[in-house]
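Okay, so here's the structure we're looking at.
Each chain gets a letter, A, B and so on, in the order its sequence line appears, and its residues count up from 1. Since the structure is predicted, the reported quantities are computational estimates derived from the model, not experimental observations.
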Protein chains: 2
Amino acid sequence: MKETFGEYIKRLRTENELTLTQLAAKLDLDSANLSKIENNKREFDEKRLELLANVFNLDLAKLRTEFFSDIIAKKIYDNNCDSETLILAEQKVEYLKSKNLTTI
Amino acid sequence: MKETFGEYIKRLRTENELTLTQLAAKLDLDSANLSKIENNKREFDEKRLELLANVFNLDLAKLRTEFFSDIIAKKIYDNNCDSETLILAEQKVEYLKSKNLTTI
DNA sequence: TTTGACTTGTCATTTTTTGACAAAAATACA
DNA sequence: TGTATTTTTGTCAAAAAATGACAAGTCAAA
């Protein structure tokens, strides 16, 4: 079963026997805020992905996939989007690629 | 072939022979900003979806699907996310549903 | 009951988004 | 042509959202 990005960080942290304070320091983050991230009450900031990958020796590309899939899942979930949304999104990605569009 | 949400609005507008100014007024929006939306230089604001549906007599649910798929597609595209991202996202949506999680 | 680990609440600051307007560019058309 | 209309682009103050920081709370183990 999948987990949220916050739960993923928490698992990494506990498996590596780090306290919130210890990991927060490595991520240049307040431990209280890291707690919120782990409990899905704040978002992890994209700019810390590389740092996170280094701390736990993770593949950055995979971590990015975890991260962005999480953001997308939350958007779908929070807005009660129907099952077609992701299918349509995939088509639109292809369209954007084909047009080489510069979006906002 | 799919189109962006902005292009979709532009098509609706021109097919219905409205000027930017005319449609912008109906959407309570500055025509200059509507132009930017149509040209993928600004985002359409979710709060105007219902208004848009009314103006062109569209199904709001379908319009929402168009809208959110667009946002997701742009995120994927802008961040060069790999093809697994959407698959993972779908799994995470199921996970969120199963846990009835309240996200941010 | 003290200590360390974690959680929650709050708020000023920073960052991002939005609305609004001016002006330039493109288009239509007499 | 010249002029009116439409569309696009640039800019910026104001509004909204995200972030960092810190205080104070709970909880569990020693």
If you look only at pairs with a residue in residues 46-55 of chain B, which of them pass as a side-chain hydrogen bond (donor to acceptor under 3.5 Å, both in side chains), with sequence neighbours excluded? none
Is a salt bridge present between B:E66 and B:K2, judged by a nitrogen-to-oxygen distance below 4.0 Å? yes
[atom1] of [X] versus [atom2] of [N]: gap in Å, rounded?
{"X": "B:E46", "N": "C:dT17", "atom1": "CD", "atom2": "P", "answer": "15 Å"}
{"X": "A:L34", "N": "D:dT19", "atom1": "CG", "atom2": "C1'", "answer": "14 Å"}
{"X": "B:E17", "N": "D:dT5", "atom1": "CD", "atom2": "C1'", "answer": "16 Å"}
{"X": "B:L29", "N": "C:dG19", "atom1": "CG", "atom2": "C1'", "answer": "9 Å"}
{"X": "A:K47", "N": "D:dT19", "atom1": "NZ", "atom2": "P", "answer": "7 Å"}
{"X": "B:D28", "N": "C:dT18", "atom1": "CG", "atom2": "C1'", "answer": "12 Å"}
{"X": "B:K10", "N": "D:dT6", "atom1": "NZ", "atom2": "P", "answer": "15 Å"}
{"X": "A:I9", "N": "C:dT7", "atom1": "CD1", "atom2": "P", "answer": "13 Å"}

Looking at the side chain of [X], which of [options] is the nearest nucleotide?
{"X": "B:R48", "options": "C:dG19, C:dC6, D:dT8", "answer": "C:dG19"}
{"X": "A:D45", "options": "C:dT8, D:dT19, C:dT18", "answer": "D:dT19"}
{"X": "A:R42", "options": "D:dT6, D:dT8, C:dT10", "answer": "C:dT10"}
{"X": "A:K41", "options": "C:dT8, C:dT7, D:dT8", "answer": "C:dT8"}

Under 4.0 Å: is that the gap between some side-chain N or O of A:R13 and OP1 or OP2 of C:dC6? yes
Return no unless some side-chain N or O of B:S35 is found under 4.0 Å from OP1 or OP2 of D:dT7. no
side-chain contact (heavy atoms from CB on, under 4.5 Å) test vs B:I37 passes for just one of B:K10, B:E43, B:R42, namely B:R42
Tell me, do A:L88 and A:E84 make a side-chain contact under 4.5 Å, heavy atoms counted? no
Would you call B:L29 and B:D45 a side-chain contact if the rule is heavy atoms closer than 4.5 Å? no
Give a yes or no on whether B:L20 and B:L23 share a hydrophobic cluster (residues Ile, Leu, Val, Met, Phe, Trp, Tyr; joining criterion: side-chain heavy atoms under 4.5 Å apart). yes
Counting only heavy atoms not in B:K36, do more than 12 sit closer than 6.0 Å to its NZ atom? yes
For a quick check, with a 4.0 angstrom heavy-atom cut-off, what is the B/S/- contact string for nucleotides 22-30 of chain D, read 5' to 3'? BB-------
